[in-house]
There are 4 protein chains.
Amino acid sequence: MKIINFAEQPSLVSQYMSELRDVEVQKDMLRFRRNLERIGEIMAYEMSKTMSYRNVDVVTPLAVAECQQLAEEVVLATIFRAGIPFHKGFLDYFDHAQNAFVSAYRKYREKENFDVFIEYIASPSIEGKTLVIADPMLATGSSMELSYRALLTKGDPAHIHVASVIASRKAIDYIKETFPADKTTVWVGAIDEVINDHSYIVPGLGDAGDLAYGIKE
Amino acid sequence: MKIINFAEQPSLVSQYMSELRDVEVQKDMLRFRRNLERIGEIMAYEMSKTMSYRNVDVVTPLAVAECQQLAEEVVLATIFRAGIPFHKGFLDYFDHAQNAFVSAYRKYREKENFDVFIEYIASPSIEGKTLVIADPMLATGSSMELSYRALLTKGDPAHIHVASVIASRKAIDYIKETFPADKTTVWVGAIDEVINDHSYIVPGLGDAGDLAYGIKE
Amino acid sequence: MKIINFAEQPSLVSQYMSELRDVEVQKDMLRFRRNLERIGEIMAYEMSKTMSYRNVDVVTPLAVAECQQLAEEVVLATIFRAGIPFHKGFLDYFDHAQNAFVSAYRKYREKENFDVFIEYIASPSIEGKTLVIADPMLATGSSMELSYRALLTKGDPAHIHVASVIASRKAIDYIKETFPADKTTVWVGAIDEVINDHSYIVPGLGDAGDLAYGIKE
Amino acid sequence: MKIINFAEQPSLVSQYMSELRDVEVQKDMLRFRRNLERIGEIMAYEMSKTMSYRNVDVVTPLAVAECQQLAEEVVLATIFRAGIPFHKGFLDYFDHAQNAFVSAYRKYREKENFDVFIEYIASPSIEGKTLVIADPMLATGSSMELSYRALLTKGDPAHIHVASVIASRKAIDYIKETFPADKTTVWVGAIDEVINDHSYIVPGLGDAGDLAYGIKE
């Protein structure tokens with residue numbers, strides 16, 4: 001399994017990450033959502049370098065140009081609700097893609113102990129397609145895994161791209177254990193070492209859903 | 001209950017509506033989603049004219065200006081999945097707002113007979129706030145009503161704005177029956193007369209969710 | 001000549017105006033430019049209500065819908081460089097429009113005494129078309145007038161919409177004197193009473209070009 | 001001098017290039033401008049990988065994170081009018097950058113013989129800064145060179161990034177001759193071999209300014 005960590009090579013992603021994490025800057029919800037979108041766009045672009053293309057003769061106003069067009073069928077999946085602005089970034093770039101939405105939540109039994117329930121799924125067939133699953137925070141990796149399992153009811157993808165803004169080390173290990181190694185690529189903005197008793201990534205950035213959309217009751 | 005129908009006064013909304021409805025133009029998903037966003041933005045702006053403002057002294061680089069800032073707490077609710085681009089338009093304009101997401105679907109028992117199930121809800125308290133519920137298509141109005149009922153578990157809003165791109169006449173009548181007349185305003189891009197056996201609005205535009213995000217399996 | 005002043009009816013424009021004017025909030029260039037764009041979008045929409053439309057039968061996936069499409073040829077003109085984000089807002093909404101760009105600057109002879117030079121023009125024919133000239137700040141109105149005169153070399157427009165975020169009272173009077181009263185409409189976010197010795201609007205918001213793009217040498 | 005040609009590695013840039021070039025697809029001005037913006041965004045991101053960063057301790061809601069922020073002062077320059085949407089892409093990503101605008105045009109003396117005139121310049125000091133000059137089409141490279149010379153009146157940049165969507169082979173050679181080899185990087189979406197008698201790139205895409213903004217008179 002290939003793990004691509006954007007923190008290893010500084011870029012504008014680093015700039016956006018520092019704004020997303022900053023307890024003052026993140027109060028600007030417009031900028032917070034925009035930074036999630038921009039990281040989604042950039043990950044979409046980096047993923048696109050690993051995809052296959054077909055040669056096409058394109059008629060310009062002056063002559064014929066040899067061009068290359070995306071030859072993979074891409075399905076952009078995300079997990080409600082925090083994933084929406086991040087997914088928007090992927091869709092801004094893969095504007096012809098199909099899309100899938102899944103919802104899952106943590107149901108706490110006690111402080112350190114929770115289950116994840118899948119509530120909602122809207123997905124095309126993913127059989128033989130390139131599946132991107134975008135979720136900004138990978139705390140334990142269990143929501144990602146359950147969403148992936150739910151999506152498997154729609155077919156067997158040719159390749160899986162797991163995309164996240166911040167993942168814990170533990171979540172990365174969990175993805176390695178639970179996703180098919182030969183056809184999964186993981187893309188993360190940063191890997192944080194700690195996950196606390198409430199399953200929050202530390203230092204992380206807080207709750208991405210609350211920061212993007214406001215606190216839930 | 002006040003019904004504001006944008007079709008009564010031609011504007012750019014009419015232009016975007018004609019593009020959304022056109023069976024050829026709507027194939028461009030980028031433009032389709034963008035048109036839903038733009039109508040959301042414009043409805044947000046028109047709604048904002050009915051809201052209350054507070055006077056604020058703002059320090060400019062040169063002097064003090066008397067300004068007016070929005071004095072209502074706005075919660076932007078939408079219904080998954082078709083509502084996401086439409087909701088994005090509202091959020092582009094009310095960028096400081098809180099947000100609520102609800103999912104509901106039609107479960108057909110037979111051809112003309114279906115129930116609506118609420119699967120997912122993420123919402124702040126809406127007590128005493130201005131609630132906007134945005135859903136692009138109001139076919140029967142039953143999804144809108146059920147979503148509203150689900151949101152009432154989060155408090156009693158001071159005002160409700162129901163926003164839709166196309167509503168059937170039947171749905172408008174249903175909203176009139178089921179929402180509180182004294183504090184509900186309905187905003188629609190157009191009202192179409194017919195609703196067919198499959199509960200599609202005719203002439204309508206087809207399935208807004210499929211056109212924005214691709215066909216579901 | 002019709003003068004439409006958005007300050008007379010509070011709306012989201014008031015909210016954006018208060019952010020544009022605020023000496024702290026305006027330091028966020030992303031938000032500053034976005035607010036200019038949003039006011040441009042809203043003015044485009046309000047203008048569109050005054051335009052003419054043609055009835056068109058549009059084929060939907062289900063039937064034929066009577067729709068209305070914009071029947072005027074719109075040319076969106078702006079003045080470099082401060083006008084670019086404001087113009088972007090108009091173009092986001094009138095996405096099929098033609099565009100014109102003019103540059104003009106103030107050449108000071110002494111403190112209170114300056115000329116305006118037109119340096120650059122790129123414009124289609126405006127003969128018989130609807131001309132929008134967007135410039136965020138109307139201090140004296142002389143740049144607007146000179147730009148208009150420059151554009152007249154490209155034909156005689158059917159109607160002129162002068163759009164501005166903040167105008168001084170003096171500039172409004174100047175536009176009234178120098179534009180054809182029977183076919184000009186002026187759209188402003190606010191009218192400020194004072195213009196100082198440096199021809200800055202007070203309280204105004206400072207220099208829109210510097211705030212959007214950084215200080216010029 | 002380093003030449004980075006995005007055509008050598010297929011990516012979403014290839015997809016956008018094929019849409020920009022296509023004589024049918026390019027008629028959608030909204031998509032045409034959006035594709036210029038997206039290529040600008042992606043080039044901004046790739047450039048950012050070559051820049052320097054400073055380590056910053058950022059306080060998150062939960063702890064302190066080591067982050068990296070851009071340590072170069074970036075000036076985004078463009079050439080009117082065709083450069084505006086391409087520049088918008090760079091500014092969408094380098095949202096804190098300063099900006100410079102230059103205008104230049106070709107004044108034909110006879111069919112194959114023209115001069116380039118600089119009409120307009122608005123620029124901060126570029127002394128010791130990272131200068132990006134973005135112009136979508138590099139036909140001969142002479143506009144780019146003249147714009148660069150005009151900008152040198154504002155100081156001596158530490159590094160120059162020349163960015164273009166399509167360049168002719170001839171223009172690339174001209175940039176190599178006229179820009180400082182030790183501190184210039186050229187970024188292009190494609191290099192086309194031919195430049196015709198009217199100084200159009202073949203196959204190219206036509207006139208980027210006309211396609212983005214409409215034909216000039």
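Keep in mind that the numbers below use all heavy atoms, side chains included, and drop hydrogens, waters and symmetry copies. Just so we're on the same page: letters track the sequence lines, and every chain starts at 1.
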Relative to chain D, which segment of [X] carries a heavy atom at a distance below 4.5 Å: side chain, backbone, both, or neither?
| X | answer |
| --- | --- |
| A:E66 | neither |
| A:E19 | side chain |
| A:D92 | both |
| A:A7 | backbone |
| A:V59 | both |
| A:L205 | backbone |
| A:L20 | neither |

Problem - D:C67 backbone acceptor or donor facing A:S18 side chain under 3.5 Å - result: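 No: the side chain of A:S18 does not pair with the backbone of D:C67.
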Problem - Heavy-atom contact with chain A under 4.5 Å, split by part of D:R31 - result: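 The side chain, not the backbone.
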Handout entry: Atom group of D:Q26 that falls short of 4.5 Å from chain A, counting heavy atoms
Key =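 The answer is the side chain of D:Q26.
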Handout entry: Pairing of D:R34 and A:D95 as salt bridge, 4.0 angstrom limit
Key =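 Between A:D95 and D:R34 there is no salt bridge, as every charged N stays at least 4.0 Å from the carboxylate O atoms.
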What option among [options] has the most heavy-atom pairs under 4.5 Å with chain D?
| options | result |
| --- | --- |
| A:N196, A:V194, A:D22 | A:D22 |
| A:G206, A:A63, A:S11 | A:S11 |
| A:M51, A:M17, A:H96 | A:H96 |
| A:M47, A:R38, A:Q15 | A:R38 |

What distance separates [X] [atom1] from [Y] [atom2], expressed to the nearest 0.5 Å?
| X | Y | atom1 | atom2 | value |
| --- | --- | --- | --- | --- |
| D:E46 | A:I42 | CD | CD1 | 9.5 Å |
| A:Y45 | D:E41 | OH | CD | 12.5 Å |
| A:Y16 | D:L70 | OH | CG | 9.5 Å |
| A:S48 | D:Q9 | OG | CD | 8.0 Å |

Exercise for the section: For atom NZ of D:K170, decide whether the heavy atoms of other residues, nucleotides or ligands shown that lie under 6.0 angstrom number more than 12. Expected result: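 Counting neighbours around NZ of D:K170, 12 or fewer heavy atoms of other residues, nucleotides or ligands fall under 6.0 Å, so no.
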Practice task
Check D:Y93 against A:Y93 and note the closest heavy-atom contact, atom names and distance.
Solution key: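 Looking at all heavy atoms of both residues, the closest pair is OH-OH, 3.3 Å.
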Exercise for the section: Taking all heavy atoms of D:R21 and all of A:P61, pick out the closest pair and write down the distance. Expected result: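 The pair with the smallest heavy-atom distance is O-CD, 3.8 Å.
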Problem - For chain A, the option from D:V25, D:D192, D:V58, D:V64 that forms the most heavy-atom pairs under 4.5 Å - result: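 Ranked by contacts with chain A, first place is D:V58.
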Exercise for the section: May I ask you to test the D:P203-A:L62 pair for a side-chain heavy-atom distance under 4.5 Å? Expected result: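 Side chain of D:P203 against side chain of A:L62, heavy atoms only: no contact under 4.5 Å found.
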